[in-house]
Amino acid sequence: MADVTLTFPDGNARAYPAGITPAEVAEGISKSLSKKAISATVNGAHWDLQWPIDADASIAINTLQDAGPALELVRHDLAHIMARAVQDLWPNVKVTIGPVIANGWYYDFDRAEPFTPEDLGAIEKKMKEIINLRDPVRTEIWERDRAIAHYEANNEPYKVELIAAIPGSEPLRMYWHGDWQDLCRGPHLQHTGQVPADAFKLMSVAGAYWRGDSNRPMLQRIYGVAFQNRDQLKAHLTMLEEAALRDHRKLGREMDLFHMQEEAPGQIFWHPNGWTIYTELQDYMRRKQRADGYVEVNTPQVVSRVLWEKSGHWDNYQEHMFIVEVDEEHAREKSVNALKPMNCPCHVQVFNQGLKSYRDLPLRMAEFGSCNRYEPSGALHGIMRVRGFTQDDAHIFCTDAQIEAETKKFIEFLAGIYADLGFTDWRIKLSTRPEKRIGTDESWDQTEHALGNACKAAGYAYEISEGEGAFYGPKLEFVLTDAIGRDWQCGTLQVDPNLPERLDATFIGADGAKARPVMLHRAVLGSFERFIGILIESHAGKLPFWLAPRQVVVAAIVSDADDYVHEVVALLKAAGIRAEADTRNEKINYKVREHSVGKVPVILACGGREVEERSVTVRRLGMKQTATQTLEAIVADLAKEARAPDLL
RNA sequence: GCCGGUCUAGCUCAGCUGGUAGAGCGCCUGAUUUGUAAUCAGGAUGUCGGGGGUUCGAGUCCCUCGACCGGCACCA
């Protein structure tokens, strides 16, 4: 048999008989390595210790100490161990798939009865038993027919369907954990005992559609998290607890920002504190947009069905629209209208007034547009996914040739705003042509390239979201994450040649002929509601001074200071600062605690000494130490701090 | 929309197998004049998410509707 040359990470190379497995290689190196080994990295690929190597390759033996392979394998093996535990406990449960995800894994089961929290405890216990068995993992490649016959015999229809979906060219690999078998592409650990039994936890059960298709059966998905050791697991759980404290729904209540109630699901009752954030942000955005060459418009909320039919929304988006039927007193016919779910058709109406020249393009038309969408009930989420919201929307009417430059300009605009608002950690996704689409492949090629190039030109990397574009054009999504790491699309830019066509938007070109503009739908924040939710979570409620709803509380230490406190508040207000007095009959400790919990950035305490000196003692949120400043100095300082970043 | 869970005072939560609702914080009243994360004492909290049913009796059991939470699907 021919030899293969394997090159180790230290550069040494050795010849082995072809077909040697990494397990055998490890054994040849040392007994202890062979015991500790979990997998190999062969030519950069993650390789099972049992898979033969048939050609020259680089090789590294991985152990549980190697975070990348260890986390992947531990989580993957746990998915199998969990499935085995479930089938041990309930033999009738059918297994489906169980991939590794961020921090852990899930596995989807088909079972008539729901899994209860107690069941999760029982499953976890059973999993620990399986781990303690230290059952060897073995693998074989099977013929398709045999695999299908096997799963049919075992009444596992989902597995049969999975096999049917695997391309015929790919080998079918079976894995065993002890006697329990699963179809799996691997790799896996050597034996179940290599899983750290104290570093995983089953987290939750949730419904999930088979193959992600809402027309197919709903399965039960059990989520688990796993790490290399117990401390990492504990750290993760602690992180989750802390993240829960940053939840905007909790902070919204605690900081008295807004509330929602049954009578208006998915809509927000903004309280004075929350509305202050909203209006500050809106004022800031308005200034930024003006400075960046946008004109601002405002368009109707309730618009006749006639326009929605022309725009195509009536056919394609009706189920998400709030339909309003108006029975006018003297009208013979009811008029059917809809609350606008988006602003674009109305903006085209504004564009269409009067003749537009190529000299008017690009025309950047902005609106803080209030939209209502009948979102599915299960999609609602705090103030981040709602049925009534306001977009910082704009449509850029331009020519094809202007798309790339306008996109680049927009990305830079957005990046500046995100930076002002304290976001450094955001991503761009480029969503490309979906299966169901209009337009030629050439035009898709062009616009997809234009968006990608604009990202590059602006200096930002992007991920591709294959097939996620709108039916009329590709889009960029600007994604931020919430407290517990869920992704939210905030900013967006979508190329749309369709709506100008449908609503007959034209301009007179340089050649004197009518031409069709393209529209770029774009938003920076996305919606004020979602963005404020993210903003609250990312700052854990401690908003930057200019956005803080309550900026300063002036607290009296003794009631003799009350008059002075009111004087200080008046001076601060005159300087444009949101200040209030706290002259309640309470100790300063009490007031400091209460306003700190309330995330007020600055507390100014006034006692006899301050009255005497005409000073204040400043305590900033999150800082223990205090400093005494003169009244003039603190008013000047805070007035400066209160300026929005674009006014600095 | 789908699967599962939850809904008790303003907030956070307790209330066992059905016997007629409680705590802490907050709120109100009074005392206290206080120096940087909860001063003390007293007082009132409520259609137990809505509706219907079973029962002598329902916060508790059943049905139904709704909202919310976690996922999934959706996210022109």
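What you see is a predicted model, and the numbers here were worked out from it, not measured in a lab. Chain letters run A, B, ... following the sequence lines, proteins first, then strands; residues in each count from 1.
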Student: What's A:G622 touching, base or sugar-phosphate or nothing? Going by heavy atoms closer than 4.0 Å.
Tutor: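 It contacts nothing in the nucleic acid.
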Student: Distance check, P atoms only: B:A38 and B:C27, in whole angstrom units.
Tutor: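 Looking at atom P only, B:A38 and B:C27 are 16 Å apart.
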Student: Would you indicate what A:T617 reaches in the nucleic acid, counting non-hydrogen atoms under 4.0 angstrom: base, sugar-phosphate, or nothing?
Tutor: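 The residue A:T617 makes base contact.
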Student: Toward the 5' end of RNA chain B, which comes first, A:R373 or A:A208, by nearest nucleotide?
Tutor: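 By nearest-heavy-atom nucleotide position, the 5'-most residue is A:A208.
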Student: Just checking A:G598: base, sugar-phosphate only, or nothing, at a heavy-atom cut-off of under 4.0 Å?
Tutor: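 The answer is nothing, as A:G598 stays clear of every strand by at least 4.0 Å.
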Student: At 4.0 Å (heavy atoms only), tell me whether A:E610 reaches a base, stays on the sugar-phosphate, or touches nothing.
Tutor: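 Contact class for A:E610: base.
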Student: Determine the contact category for A:Y590: base if any of its heavy atoms lies under 4.0 Å from a base atom, sugar-phosphate if only primed atoms, P, OP1 or OP2 are that close, otherwise nothing.
Tutor: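 Sugar-phosphate contact only - A:Y590 comes under 4.0 Å of backbone atoms but never of a base.
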Student: How are the rings of A:F397 and A:F351 set relative to one another: parallel (under 30°), tilted (30 to 60°) or perpendicular (over 60°)?
Tutor: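 The rings of A:F397 and A:F351 lie parallel, inter-plane angle below 30°.
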Student: Determine the contact category for A:A605: base if any of its heavy atoms lies under 4.0 Å from a base atom, sugar-phosphate if only primed atoms, P, OP1 or OP2 are that close, otherwise nothing.
Tutor: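 Answer is base: heavy atoms of A:A605 come under 4.0 Å of a base.
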Student: May I ask you to check whether A:Q629 and A:D637 show a side-chain donor-acceptor distance below 3.5 Å?
Tutor: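 The criterion, which ignores hydrogens and geometry beyond distance, is satisfied for A:D637 and A:Q629.
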Student: Please work out if A:R609 contacts a base, only the sugar-phosphate, or nothing of the nucleic acid, heavy-atom cut-off 4.0 Å.
Tutor: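 It contacts base atoms.
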Student: Using the side-chain heavy atoms of A:N589, tell me which of these nucleotides is nearest: B:A76, B:U36, B:G70.
Tutor: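 Among the listed nucleotides, the one closest to the side chain of A:N589 is B:U36.
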Student: Which part of the nucleic acid, if any, lies within reach of A:E586 when heavy atoms closer than 4.0 Å are counted: base, sugar-phosphate only, or nothing?
Tutor: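 Base contact - A:E586 has a heavy atom under 4.0 Å of at least one base atom.
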Student: Quick one: label A:G608 by what it contacts on the DNA or RNA (base, sugar-phosphate, nothing), any heavy atom closer than 4.0 Å.
Tutor: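 Base, at least one base atom sits under 4.0 Å.
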Student: By nearest nucleotide on RNA chain B, pick out whichever of A:P376 and A:S559 is the more 5' one.
Tutor: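 Per heavy-atom nearest nucleotide, the more 5' residue is A:P376.
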Student: Using a heavy-atom cut-off of 4.0 Å across all strands, would you classify A:Y223 as base, sugar-phosphate, or nothing?
Tutor: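 A:Y223: backbone/sugar contact only, no base atoms under 4.0 Å.
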Student: With heavy atoms under 4.0 Å as the rule, sort A:R253 into base, sugar-phosphate or nothing.
Tutor: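 Sugar-phosphate, no base atom in range.
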Student: Please give, in whole Å, the distance from B:G1 P to A:R385 CZ?
Tutor: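 Distance, rounded to whole Å: 13 Å.
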Student: Just how far, in rounded Å, is P of B:G71 from CZ of A:R221?
Tutor: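 Nearest whole value for this atom pair: 11 Å.
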Student: How would you label the contact of A:H381 with the nucleic acid (heavy atoms, under 4.0 Å): base, sugar-phosphate, or nothing?
Tutor: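 Counting heavy atoms under 4.0 Å across all strands, the contact made by A:H381 is with sugar-phosphate only.
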Student: Could you tell me which nucleotide pairs with B:G19 by Watson-Crick or G-U wobble geometry, both distances under 3.5 Å, or answer none if nothing does?
Tutor: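 WC or wobble partner is B:C56.
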Student: Identify which nucleotide among B:C68, B:G70, B:G35 has an atom closest to any side-chain atom of A:R486, counting heavy atoms from C-beta outward.
Tutor: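 Side chain of A:R486 sits closest to B:G70.
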Student: Could you work out the separation of B:C72 and B:U64 based on their C1' atoms and round it to a whole Å?
Tutor: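 After rounding to an integer number of Å, I get 25 Å for this pair.
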Student: For A:K340, report the nucleic acid contact type (base, sugar-phosphate, nothing); a contact means any heavy atom under 4.0 Å.
Tutor: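 Contact class for A:K340: none.
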Student: Below 30° counts as parallel, above 60° as perpendicular, anything between as tilted: where do the rings of A:F269 and A:H259 land?
Tutor: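 Plane angle under 30°, so parallel.
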Student: Would you call A:R486 and A:E537 a salt bridge, taking side-chain N to carboxylate O under 4.0 Å as the test?
Tutor: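 A salt bridge is absent here (no side-chain N lies under 4.0 Å from a carboxylate O).
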Student: For A:E586, is there an ion pair with A:R593 - N to carboxylate O distance below 4.0 angstrom?
Tutor: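 Answer for the salt bridge query: no.
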Student: Within the 4.0 Å heavy-atom criterion, would you say A:K624 contacts the bases, only the backbone, or no part of the nucleic acid?
Tutor: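 Sugar-phosphate: the residue A:K624, judged by heavy atoms under 4.0 Å, touches backbone atoms but no base.
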Student: To the nearest Å, how far apart are A:L503 CG and B:A76 P?
Tutor: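 Taking CG of A:L503 and P of B:A76, I get 18 Å after rounding.
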Student: Could you check A:Y223 against A:L202 for side-chain contact (heavy atoms from CB on, under 4.5 Å), going step by step and ending with a plain yes or no?
Tutor: CA-CA 6 Å; A:Y223 285 93; A:L202 302 188; over 6 Å; no
